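Quantities reported herein were computed from a predicted structural model and do not represent experimental measurements.
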Amino acid sequence: MAGVVGRLARRWCSGALSSPLQVTRFPTLQLHLCGPAMTASQKDFENAMNQVKLLKKDPGNEVKLNLYALYKQATEGPCNVPKPGVLDFINKAKWDAWNALGSLPKDNARQNYVDLVSSLSASSESPSQVTPAADRKQPGGDALVVTSQDGITTITLNRPDKKNALTTQMYHDIMLALEAASKDDSAITVLTGNGDYYCSGNDLTNFTDVPPGAVEEKARSGAVLLRDFVDCFIDFPKPLVAVVNGPAVGISVTILGLFDIVYATDRATFHTPFSHLGQSPEGCSSYTFPKIMGSSKATEMLVFGKKLTAREACTQGLVTEVFPDSTFQKEVWVRLKAYSKLPPNAMRISKQVIRNREKEKLHAINAEESSILQERWLSDECMNAIVNFLSRKAKL
Ligand SMILES: CCCCCCCCCCC/C=C/C(=O)SCCNC(=O)CCNC(=O)[C@H](O)C(C)(C)COP(=O)(O)OP(=O)(O)OC[C@H]1O[C@@H](n2cnc3c(N)ncnc32)[C@H](O)[C@@H]1OP(=O)(O)O
């Protein structure tokens, strides 16, 4: 369903469909500063277009028409195309909605569009009231959605139909998103997932389509990608929070040791089945996990693939706090919004004080783990496990 809504949302945003309602707009920091008379900026508008992609509920045809009409009015001005024929129902409905806006100025239409999207976001169950950062590059389609509001930049894994498995493109995009978040004016950065999973780890199809004779090169470039990816987490300068909205597998679990806070729904599980996959730990977990939970508990997870419940992971110190699934989103975002109002420089510096003395060591561990994994990817154990998954013979 989310995928369908997302696809529809893209169509509206590209002007194919569309929208208005008078609603209370959700104020951004920028608009607070500018005062109430300001209208939405182009950036707010583009943010709102991105936000539509994250709506979990289909808002219904009337709202879609409103969105369409406001989008057209904001970008092209008053309706300027011939009225479609009476039997061309869909285009006529769209034309009527746009035409009904009359001579509404573009600025007002833009503002109304932002207001409407804000009201839809607030009433949906997704991380509430976050507005996408329009200036962020979001390549690779919508598999990654970056949003920014209230001092929080949120990076959302958005492949719910694939349990948010990470494609190579997504690794690159997450690095770009972290790079941008490290420099933007947000105080806190969040990683979360859309749908019932947080993340099912590395997309195992990353191992397919390797031309004969190119396996070693693929493993080498994979190890470079992994190392660069994990380095970005080691070096990330602001408080980094994982909002674990469901089960987590593989690399999405191991890198949690590099986050500053991990909030989890009680539905989440934490699973690192590396031996089952013929692989070995990454994300600095060979160091962070024993440090966090002691070496025998870390061995149960990383060597024997023991799956932890959210509460077990919290007891072991991997998770900061567990929330009932029914109130998870609400409680977590209220908490994070409060934290995001703390002085950002103080938070950055305190994070540095806590983390910096470990950085060099973590980079060395990351390099070592990546190099070991490069060898593992070439092993029969690993290749068999991937073939078994892809041929639907084995799941975790
Ligand atoms: C040499 C090349 C290197 C490339 C680049 C490397 C970059 C760095 C790599 C870092 C190392 C990382 C290691 C890990 O993360 S190990 C963990 C890998 N993950 C898994 O093994 C999970 C596999 N998935 C499952 O076991 C199950 O899908 C799961 C238990 C997660 C859910 O089961 P459920 O029954 O609820 O749902 P489905 O299986 O039906 O899943 C729905 C669809 O999603 C697809 N899916 C899910 N997870 C993955 C995945 N990890 N990779 C690819 N596809 C995945 C699944 O196939 C279904 O798809 P279809 O609907 O099309 O069948």
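Enclosure of atom NZ in Lys359 by more than 12 non-hydrogen atoms of other residues, nucleotides or ligands within 6.0 angstrom is indicated.
Between Glu369 and Arg376 there is no salt bridge, since no side-chain nitrogen of the basic residue lies less than 4.0 Å from a carboxylate oxygen of the acidic one.
Among residues at least two apart or in separate chains, salt bridge (charged side-chain N to carboxylate O under 4.0 Å, His left out) pairs with a member in residues 338-353 are Asp260-Lys351.
Ring geometry, Phe233 versus Phe259: the interplanar angle falls from 30° to 60°, so the pair is classed tilted.
Atom CG in Leu157 sits 5.0 Å away from atom CG in Leu191 (nearest 0.5 Å). Lys306 contributes atom NZ, which lies 14.0 Å from atom CZ of Phe270 (distance to the nearest 0.5 angstrom). Atoms CZ and OG1, from Phe328 and Thr265 in turn, are 6.0 Å apart once rounded to the nearest 0.5 Å. One distance of note links SG of Cys314 with OH of Tyr263; it measures 11.0 Å at 0.5 Å rounding. Rounding to the nearest 0.5 Å places SG of Cys199 at 14.0 Å from NZ of Lys162. Between Arg110 atom CZ and Ser41 atom OG the span is 7.0 Å, to the nearest 0.5 Å.
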Show your working on salt bridge (charged side-chain N to carboxylate O under 4.0 Å, His left out) between Lys307 and Glu312 and close with a plain yes or no. CA-CA 9 Å; Lys307 190 196 285 187; Glu312 286 167 339; over 6 Å; no
Could you give me the CA-CA distance, side-chain angles and deciding distance for Leu308 and Val253, then say whether side-chain contact (heavy atoms from CB on, under 4.5 Å) is met? CA-CA 11 Å; Leu308 299 193; Val253 178; over 6 Å; no
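Each of Thr208, Asp209, Asp203 was checked for a side-chain hydrogen bond (donor to acceptor under 3.5 Å, both in side chains) with Thr205, and the lone residue meeting it is Asp203. If you run side-chain hydrogen bond (donor to acceptor under 3.5 Å, both in side chains) between Asn194 and each of Asn164, Asn158, Asn245, only Asn158 comes through.
With a 4.5 Å cut-off on side-chain heavy atoms, Thr75 and Phe45 count as touching. Residues Asn366 and Glu282 have side chains not in contact (no heavy-atom distance under 4.5 Å, counting atoms from C-beta outward). Asp184 has its side chain within reach of Ser148: a pair of non-hydrogen atoms, C-beta onward, lies under 4.5 Å apart.
At least one donor-acceptor pair closer than 3.5 Å links the side chain of Ser391 to the backbone N or O of Val387.
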